[in-house]
There are 2 protein chains.
Amino acid sequence: MMNMGLAKTEIFTAHQNQIAIFAKAFGHPARVAILQQLFKMDNCYCGNLVDQIGLAQPTISQHLKELRNLGLIKGQVEGTSVCYCIDKENWAAMKEVMGDFLDQDLPENEDCC
Amino acid sequence: MMNMGLAKTEIFTAHQNQIAIFAKAFGHPARVAILQQLFKMDNCYCGNLVDQIGLAQPTISQHLKELRNLGLIKGQVEGTSVCYCIDKENWAAMKEVMGDFLDQDLPENEDCC
DNA sequence: TCATTTAATTGCAATATTACAATAAACGAC
DNA sequence: GTCGTTTATTGTAATATTGCAATTAAATGA
């Protein structure tokens with residue numbers, strides 16, 4: 001069979017896929033923890049994240065790459081280190097998309113169930 | 001090797017895992033589409049969702065089950081049909097958790113990168 | 001130059017997710 | 001009862017995700 005295990009993104013709107021892509025980024029506690037650290041700390045070197053979160057360095061690096069590819073964070077090379085931080089603009093744009101989804105209102109009528 | 005392919009949830013806080021679990025629910029466009037329909041329509045029978053979204057009935061049923069297990073929707077049996085709708089209370093609780101995460105503020109200092 | 005430090009990449013093992021055909025279950029109509 | 005209707009469940013195939021050891025890459029410093 002053809003596309004098993006693969007989401008059929010082509011049958012959904014770009015907007016629906018966009019929401020799903022953002023949500024997937026938050027769908028792992030390691031990425032949640034990374035983002036929380038970046039919001040909290042000045043110090044945002046990759047090594048710090050490895051220390052603070054209890055995962056191996058390649059694993060953290062992989063999660064950072066996903067967040068970077070999505071544009072939610074950016075990394076600046078400083079010698080042998082890389083300093084990561086939130087991409088404020090892209091975060092705000094994401095927040096609007098996700099916020100609109102979460103803030104949907106139900107119609108006035110009774111609950112149907 | 002032991003836990004490959006499995007998120008190491010035990011090293012994260014309950015709050016971080018909670019955010020990830022909610023986010024994962026929105027991490028597939030079919031579930032996004034289902035929830036949007038439930039917000040928009042009075043008519044929320046399983047069969048309608050199968051018609052409106054282009055996935056097979058067992059696939060929709062599976063996605064509905066995930067949303068139901070999370071508590072974001074509830075289903076009421078009416079004869080041979082099942083009427084689904086948003087669980088308003090649980091949706092509001094989820095919205096608060098996710099909203100707090102999305103609305104985090106950066107410290108005042110300069111961007112570190 | 002060469003060792004050290006830091007992070008990214010590669011390769012791989014194991015589990016999770018997605019999708020659907022086939023089937024079952026539950027109900028109503030007759 | 002039997003037949004259709006609707007939804008859930010089971011089983012299975014295929015891809016995705018997670019995690020880490022080993023390695024590589026790039027910069028620094030002695």
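All values below were derived from every heavy atom in this structure, side-chain atoms included, with hydrogens, water molecules and symmetry-related copies excluded. Sequence lines set the chain letters: A, B, ... in the order given, protein chains first and strands last, and positions in each chain run from 1.
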Distance in angstrom units between B:Leu67 CG and D:dA8 P, rounded: 12 Å
Integer-rounded Å distance: C:dT10 P and B:Met4 CE: 18 Å
Between D:dA8 atom P and B:Glu66 atom CD, what is the distance in whole Å? 13 Å
Indicate whether OP1 or OP2 belonging to D:dT9 is found under 4.0 Å from a side-chain N or O atom of B:Lys65. yes
B:Tyr84 side-chain N/O to D:dT6 phosphate OP1/OP2 under 4.0 Å: no
Can you find a pair of side-chain heavy atoms, one from B:Ile86 and one from B:Leu35, that are under 4.5 Å apart? yes
Can you check the B:Ile11 CD1 to D:dG19 P distance for me, whole Å? 7 Å
Heavy atoms from C-beta onward define the side chain here; which of D:dA27, C:dA8, D:dC20 lies closest to that of B:Lys8? D:dC20
Counting only heavy atoms not in A:Glu89 (residues, nucleotides, ligands), do more than 12 fall under 6.0 Å from its CD? no
What nucleotide among D:dT5, D:dA27, C:dA19 has an atom nearest to a side-chain atom of B:His63? C:dA19
Taking atom C1' of D:dA16 as reference, at what distance in whole Å does atom NZ of A:Lys24 sit? 7 Å
Answer yes or no: side-chain N or O of B:Gln57 and base N or O of D:dA8 forming a donor-acceptor pair under 3.5 Å. yes
Might you confirm whether atom CD of A:Gln104 has over 12 heavy atoms from other residues, nucleotides or ligands at distances under 6.0 Å? yes
Choosing from C:dT9, D:dT7, D:dT15, which nucleotide comes nearest the side chain of A:Leu6? D:dT15
Just jot down the side chain to side chain contact (heavy atoms under 4.5 Å, CB included) partners of B:Thr13, sequence neighbours excluded, or say none. B:His15, B:Gln16
For the side chain of B:Ala7, starting at C-beta, report the closest nucleotide among D:dT18, D:dT6, C:dA7. D:dT18
Closest nucleotide of DNA chain D for B:Gln62 versus for B:Cys46: which of these residues is on the 5' side? B:Cys46
B:Asn17 side-chain N/O to B:Thr9 backbone N/O, donor-acceptor pair under 3.5 Å: yes
Does the B:Arg31 side chain pair with the main chain of B:Phe26, one donor and one acceptor, at a distance under 3.5 Å? no
How far does the helix from C:dT1-D:dA30 to C:dC30-D:dG1 bend, going by the axes of its first and last five pairs, to the nearest 10°? 10°
Starting at the 5' end of DNA chain D, which residue's closest nucleotide do you reach first, B:Thr59 or A:Gly79? B:Thr59
Roughly how many Å is it from CD in B:Gln76 to C1' in C:dA26, rounded to a whole number? 16 Å
If you check the B:Tyr45 side chain, which of C:dC27, D:dT7, D:dA8 turns out closest? D:dT7
Nearest to the B:Pro58 side chain among D:dT5, D:dC20, C:dA22, which nucleotide is it? C:dA22
Round to the nearest Å and state the distance from A:Arg31 atom CZ to D:dG19 atom C1'. 12 Å
Position toward the 5' end of DNA chain C (nearest nucleotide), B:Gly54 or A:Ser61: A:Ser61
At under 4.0 Å between heavy atoms, what does B:Ser81 touch on the DNA or RNA strands: base, sugar-phosphate, or nothing? sugar-phosphate
Return the orientation label for the A:Phe101 and B:Trp91 ring planes: parallel under 30°, perpendicular over 60°, tilted otherwise. perpendicular
Kindly say whether the aromatic ring centers of A:Tyr45 and A:Tyr84 come within a distance under 6.0 Å. no
Heavy atoms only, 4.0 Å cut-off, all strands: where does A:Ile60 land among base, sugar-phosphate and nothing? nothing
C:dA19 P sits how many Å from B:Ile34 CD1, rounded? 10 Å
